[in-house]
Amino acid sequence: MDNGLAVAAGAFARTDESITVEYPPEEQLPSSEPVAGAGRAGANVFPTLATFSLQGKVGVVTGGARGLGLVMGQGMVISGADLALVDLNKEEAARQAQSIVETFRKENPDAKRLPKVTAHYADVSDFESVESCIAEIVAEHGKIDNLVTSAGFTENFEAVSYPIDRMRKLWGVNVDGTYLFATSVARHLMERQSKGSMVFIGSMSGAVVNVPQPQAPYNAAKAAVRHLCASLSVEWAKAGIRVNCISPGYMLTALTQKILDDKPDLKKQWTSLIPQGKMGCPEELMGPVTFLLSDASSYVTGADLRVDGGYTVT
């Protein structure tokens with residue numbers, strides 16, 4: 001007799017409708033800090049292939065004021081790029097832009113040139129806002145070479161009770177925002193008759209169904225981002241524009257940490273399903289994004305790079 005204590009068959013492969021997580025309002029989002037001690041590749045540090053350099057490039061990162069976007073943007077700067085941070089919160093983006101430059105200055109006191117890092121506002125789901133933002137970036141930097149679409153968010157709701165207005169907002173940021181920025185930057189590159197490289201930030205949730213948290217609209221949105229990447233990579237190949245996707249697994253951002261502090265059992269369940277046995281750190285995306293933006297990946301387009309500790313291969 002199991003006295004009713006046995007776990008029901010299939011229980012660990014199902015969603016749990018009791019898990020509800022609503023994305024917090026802007027004023028409640030935790031701030032992020034630039035990564036310290038990330039170093040800079042070069043002859044006096046760790047020599048590496050010249051094709052990994054982003055020297056002379058101008059990159060744009062949406063959702064760049066916090067979390068994964070901020071860290072990936074810093075990785076681009078360390079690799080030689082100038083950077084435009086785009087966010088709904090321009091004040092936070094401006095603070096972080098200054099912090100990135102100051103961190104670079106402290107860690108590279110002999111650098112002959114400091115990176116140019118600027119902050120810009122955009123509602124990524126609004127066409128006019130996106131067009132205005134791109135025009136502002138081009139006016140400040142003179143050009144755009146690289147794009148990382150990191151603006152996005154997830155919420156956990158049982159599908160039958162998810163408010164339709166919140167679902168539309170989620171799709172507007174994750175899917176429309178990716179499409180609008182990608183097409184605007186592509187038009188800019190085509191007008192310049194210049195090659196470029198874009199990285200869409202998808203999620204492993206675009207390929208698998210996460211458990212136990214219910215998040216069907218987010219999973220579908222990230223699947224759309226992944227296939228949008230594939231479709232645009234083919235459409236724009238003749239223009240010399242590469243489009244790739246990074247699909248992170250569970251990453252321990254400041255916001256994720258806040259959620260897991262309230263739900264410690266959720267972290268245990270997540271990590272139990274990751275072959276590496278741990279969640280990823282945001283700085284572990286610095287290398288993948290630099291690789292896909294740089295000439296080191298010149299024959300890579302339409303790819304989906306899973307950075308998930310092995311989660312999706314089990």
Hydrophobic clustering (ILVMFWY, side-chain heavy atoms < 4.5 Å, transitive) - are [Y] and [X] grouped together?
| X | Y | value |
| --- | --- | --- |
| Val117 | Val58 | no |
| Tyr121 | Leu70 | no |
| Tyr162 | Val209 | no |
| Leu170 | Leu228 | yes |
| Trp236 | Leu147 | yes |

Residues [X] and [Y]: side-chain donor-acceptor under 3.5 angstrom:
| X | Y | result |
| --- | --- | --- |
| Gln269 | Asp265 | no |
| Ser184 | Glu131 | yes |
| Ser247 | Arg226 | no |

What is the minimum heavy-atom distance between [X] and [Y], and which atoms define it?
| X | Y | value |
| --- | --- | --- |
| Thr15 | Gln213 | CG2-O, 3.9 Å |
| Ala93 | Asp87 | CB-CB, 4.1 Å |
| Leu68 | Pro248 | CD1-CG, 4.4 Å |

Run the salt-bridge test on [X] and [Y] with the 4.0 Å N-O cut-off and return the result as yes or no.
| X | Y | result |
| --- | --- | --- |
| Lys222 | Asp304 | no |
| Lys57 | Asp295 | no |
| Lys169 | Glu155 | no |

To the nearest 0.5 Å, tell me how far [X] [atom1] sits from [Y] [atom2].
| X | Y | atom1 | atom2 | answer |
| --- | --- | --- | --- | --- |
| Thr271 | Lys278 | OG1 | NZ | 11.5 Å |
| Glu191 | Leu189 | CD | CG | 9.5 Å |
| Arg242 | Met198 | CZ | CE | 11.0 Å |
| Ile144 | His188 | CD1 | NE2 | 5.0 Å |

Side-chain heavy atoms of [X] within contact of [Y], under 4.5 Å:
| X | Y | answer |
| --- | --- | --- |
| Lys106 | Thr103 | no |
| Ile137 | Val86 | yes |
| Asp82 | Pro115 | yes |
| Leu285 | Val71 | no |
| Phe52 | Ser79 | no |
| Leu252 | Leu260 | yes |
| Val300 | Leu305 | no |
| Val60 | His120 | no |

- [ ] Would you confirm whether Ser197, through its side chain, and Leu292, through its main-chain N or O, come within 3.5 Å as a donor-acceptor pair?
- [x] yes

TODO: Please check if the side chain of Asp145 supplies one atom and the backbone of Gly196 the other of a donor-acceptor pair under 3.5 Å.
DONE: no

Open item on the list: Check this for me: Tyr179, atom OH, are more than 12 non-hydrogen atoms of other residues, nucleotides or ligands nearer than 6.0 Å?
Closed with: no

TODO: Please report the C-alpha distance between Trp171 and Asp176 in whole Å, then the side-chain angles of each, then the deciding distance to 0.1 Å, and finally whether the side-chain contact (heavy atoms from CB on, under 4.5 Å) criterion is met.
DONE: CA-CA 7 Å; Trp171 271 73; Asp176 295 359; 5.7 Å; no

Task: side-chain hydrogen bond (donor to acceptor under 3.5 Å, both in side chains) partner of Asn210, chosen from Tyr250, Trp270, Tyr218 - done: Tyr250

